[in-house]
Amino acid sequence: IDPDLLQITLYPVEEMNLLRVAPPLAHLEGSALAQGSTPLAGVHGNALDVEVTFDWSHTRSGQIPTVPGIELGLAVLVGEYEQTLVTFKTGGTHFNNRTRRDSPAAVLAIDTRHSRAGDTTGSLTSTPFILKPGETNLTLRLLVDMSVVEAFAMGGRASMIRRVYPKQFNTSLGVALVYKAAHVAAASSSFVVDQAPVRIAQPQAKPNAPLVTVTVWQMRSAYEWKA
């Protein structure tokens with residue numbers, strides 16, 4: 001339970017971390033977030049555990065923006081023509097159980113409309129969650145387990161689960177960071193994949209854009225784990 005919001009939270013049990021295969025597939029630390037889609041080179045899989053933090057503490061406002069028009073998060077099960085999006089969208093309000101009035105909120109969304117198996121129908125589903133005053137970081141934990149995608153925002157303040165059916169299930173295995181906002185120019189940043197530094201060209205975020213930290217682990221099957 002979140003005592004500040006008088007809200008029940010839902011988050012993976014700590015034992016889920018035992019299924020992570022070390023070392024991580026990728027780690028990106030405090031880099032300027034690119035406009036558009038930035039694939040994580042060398043990261044592929046349909047059994048993944050991903051943790052992402054978007055940090056606005058360095059920006060002019062010093063906190064998560066409450067204005068609409070910003071969408072950021074992850075694309076998983078990415079192929080040549082398909083992907084599943086798990087994103088935050090800023091702006092909006094939601095009822096606060098403690099204050100008994102609306103408070104600034106963001107939205108956690110899963111979009112499976114671009115996962116292209118011909119005999120299935122994709123959907124865009126979302127759930128709002130309240131932003132506490134002065135918060136600087138949006139955090140996301142994402143579990144990809146074959147055809148199941150589970151998302152947990154802000155330590156369980158919001159959570160969602162969806163089935164996904166990629167058409168090219170053997171090759172639609174990529175992961176990318178996504179960011180949609182206006183007026184961003186160009187630059188580059190670096191991240192680590194399999195312990196080797198890699199530099200990628202990406203846009204230079206303006207001062208109000210967040211920094212991103214992301215870690216991706218391959219997950220072993222629970223049936224393979226031994227104490």
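Side-chain atoms are counted along with the backbone in the values below, which use heavy atoms only and exclude waters and symmetry mates.
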*Q218 side-chain N/O to L25 backbone N/O, donor-acceptor pair under 3.5 Å*: no
*Residues in salt bridge (Lys or Arg N to Asp or Glu O under 4.0 Å) with D145, at least two apart?*
none
*Look up atom OG1 in T53 and atom CG in L211, then write down how far apart they are to the nearest 0.5 Å.*
11.0 Å
*Can you check whether F152 reaches L143 side chain to side chain, under 4.5 Å on heavy atoms?*
yes
*Going by an N to O cut-off under 4.0 Å, is there a salt bridge joining K132 and D4?*
yes
*Indicate yes or no for a side-chain donor-acceptor contact from H58 to the backbone of A209 under 3.5 Å, with no hydrogens or angles considered.*
yes
*Looking only at atom types and distance, does a side-chain atom of T90 sit under 3.5 Å from a main-chain N or O of V67, one as donor and one as acceptor?*
yes
*Verify, without hydrogens or angle tests, whether T112 (side chain) and S115 (backbone) share a donor-acceptor contact under 3.5 angstrom.*
no
*Verify same cluster id: W217, V78 (apolar side-chain graph, 4.5 Å)*: no
*asked:* Let me confirm one number: the CG-CD1 distance from L138 to I64, rounded to the nearest 0.5 Å.
replied: 4.0 Å
*Distance in Å, I110 CD1 paired with L85 CG, rounded so as to fall on 0.5 Å steps*: 10.5 Å
_Y81 atom OH: more than 12 heavy-atom contacts under 6.0 Å_ = no
*Under the 3.5 angstrom rule, does the side chain of R220 hit a backbone N or O of L18 as a donor-acceptor pair?*
yes
*Which residues share a side-chain hydrogen bond (donor to acceptor under 3.5 Å, both in side chains) with R163, sequence neighbours left out*: S147
_Rounded distance (nearest 0.5 Å) linking atom OG of S103 with atom CG of L131_ = 9.0 Å
*Interatomic distance, L5 atom CG to N97 atom CG [nearest 0.5 angstrom]*: 8.0 Å
*Any donor-acceptor pair under 3.5 Å from R113 side chain to S123 backbone*: no
*Using modelled atom types only, decide if a donor and an acceptor are shared between the side chain of T213 and the backbone of G30 within a distance under 3.5 Å.*
yes
*Give a yes or no answer on whether the side chain of Q168 reaches the backbone of G79 with a donor-acceptor pair at less than 3.5 Å.*
no
*So, E82 side chain and S172 main chain: donor-acceptor pair closer than 3.5 Å or not?*
no
_Check whether S159 reaches the backbone of G156 with its side chain - one donor and one acceptor, N or O, closer than 3.5 Å._
no
*Same hydrophobic cluster for I70 and F129, using side-chain heavy-atom links shorter than 4.5 Å among ILVMFWY?*
yes
*Answer yes when E80 and K167 have at least one side-chain N-carboxylate O distance shorter than 4.0 Å, and no when they do not.*
no
_ring pair (Phe, Tyr, Trp, His ring centres under 6.0 Å) partners for F54, two or more places apart_ = none
_For F88, run the side chain to side chain contact (heavy atoms under 4.5 Å, CB included) check against L72, V107, L74 and tell me which one passes._
L72
